[in-house]
There are 2 protein chains.
Amino acid sequence: MFEGSNIAKKYKLKECECPSGKMTRFVEPCLLFFLSQQPSYGYELMDKLDQFGFQKSKPDPAMVYRTLRSLEKEKCVVSKWDTKSAGPAKRTYELTPKGLALLHAWADGIGLRKQALEKFLKLYQERFKGRK
Amino acid sequence: MFEGSNIAKKYKLKECECPSGKMTRFVEPCLLFFLSQQPSYGYELMDKLDQFGFQKSKPDPAMVYRTLRSLEKEKCVVSKWDTKSAGPAKRTYELTPKGLALLHAWADGIGLRKQALEKFLKLYQERFKGRK
DNA sequence: TCATATATATGATAAACACATATAGAAGAT
DNA sequence: ATCTTCTATATGTGTTTATCATATATATGA
């Protein structure tokens, strides 16, 4: 668990900096995860976010770009311009160790949140089995 | 599913009025569910919310009271004062048919959300199994 | 060269949430 | 009696998040 873990202390994450009690800012852990796989840039990350079933097929660019910048401000990612590859210049992001720690924190929180949703659904289904 | 269901049309719920793409407003479906079990009032409902693992043991009273009033404005619940039972007067709420429809809508949405969280966790665990 | 796709960014507004505080009746303690 | 605590509802304010609109600029294909 995240609680009391030393990874949190090492990177000075408050317990818990991921507000997974709510589901808000779910784009943040998704971005962190994608960046844990490989460096990428905003426009590409936006596409990848689709697979997590956000209500709109494309999540708002504003969300993505601002989240990335905010993560950089917190030193969870670092960026540099890529002017070499095709198309307009891309700002490519890489995950930092602190960013990885934050991802782990998110994963813990999301696990808890999943349990809460499951509990809700269990009670709901018990109450309404069959007869909606 | 909620999409295109006639229950949604009957009660003029937009598809989908429950913003379950995000986890925001999770108190709302919880309140609707508790009221589907039996009429209740704010202070009591606040206690029951504990069991869904909100980060704080007691969810903010402001949230609960304002959510209940907003649900009443939308005709999803109706309230009346209970001055008879012990203690200060309670505003007791009852679920309406529209409120029940909204609860069903939420349940659908929360199911989808659970899937998204599961997908995240699955990918996360594949990526980091064992070696955090 | 004109439209479209790629790519990043920000201003303005709206929604959601958190924190503080106010009010007041009931119940129990001293 | 009155003082404190518990129950109960309510709102004002500020902050954080999210949405909507729009701006800019390069590259690509028709």
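Each chain gets a letter, A, B and so on, in the order the sequences are listed, and its residues count up from 1. Nothing here was measured: the structure is a model prediction, and the numbers come from that model.
When rounded to the nearest whole Å, the span between CG of B/Leu49 and P of C/dC17 equals 12 Å. One interatomic measurement links the two molecules: CH2 of B/Trp81 to P of D/dT7, which rounds to 17 Å at whole-angstrom precision. Here D/dT17 presents its C1' atom at 14 Å from CE of B/Met63, a figure rounded to the nearest Å. Whole-Å rounding puts the A/Arg25 CZ to D/dT19 P distance at 14 Å. Look at NZ on A/Lys73: it is 13 Å from C1' on D/dT16, rounded to the nearest Å. With rounding to whole Å, A/Asp82 atom CG is found 16 Å from D/dT26 atom P. Atom CZ in B/Arg69 sits roughly 6 Å away from atom P in D/dT11 (whole-Å rounding).
Residue pairs meeting the salt bridge (charged side-chain N to carboxylate O under 4.0 Å, His left out) criterion with at least one partner in residues 115-125 of chain B, sequence neighbours excluded, are B/Lys114-B/Glu118, B/Lys122-B/Glu126.
Note on B/Arg66: a base of the nucleic acid sits closer than 4.0 angstrom, heavy atoms only.
A donor-acceptor contact closer than 3.5 angstrom links the side chains of A/Glu72 and A/Ser79.
Mapping A/Asp60 and B/Ala62 onto DNA chain C by nearest heavy atom places A/Asp60 closer to the 5' end of the strand.
Remark: A/Tyr41 pairs with no residue by the ring-ring contact (aromatic ring centres under 6.0 Å, His included) rule, at least two apart or across chains. Taking the side chain to side chain donor-acceptor pair (under 3.5 Å) definition, one finds that A/Glu44 meets it with A/Ser40, sequence neighbours left out. Residues passing the ring-ring contact (aromatic ring centres under 6.0 Å, His included) test with A/Tyr65: none are found, sequence neighbours excluded. Residues meeting the side-chain contact (heavy atoms from CB on, under 4.5 Å) test with B/Ser36, sequence neighbours left out: A/Arg127, A/Phe128, B/Phe33, B/Leu95, B/Leu103.
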Close N or O pairs between protein and nucleotides 3-7 of chain C (under 3.5 Å):
{"from": "C/dA7", "atom 1": "OP1", "to": "A/Tyr41", "atom 2": "OH", "distance (Å)": "3.3"}
{"from": "C/dA7", "atom 1": "OP1", "to": "A/Lys90", "atom 2": "NZ", "distance (Å)": "2.8"}
{"from": "C/dA7", "atom 1": "OP2", "to": "A/Tyr41", "atom 2": "OH", "distance (Å)": "3.2"}

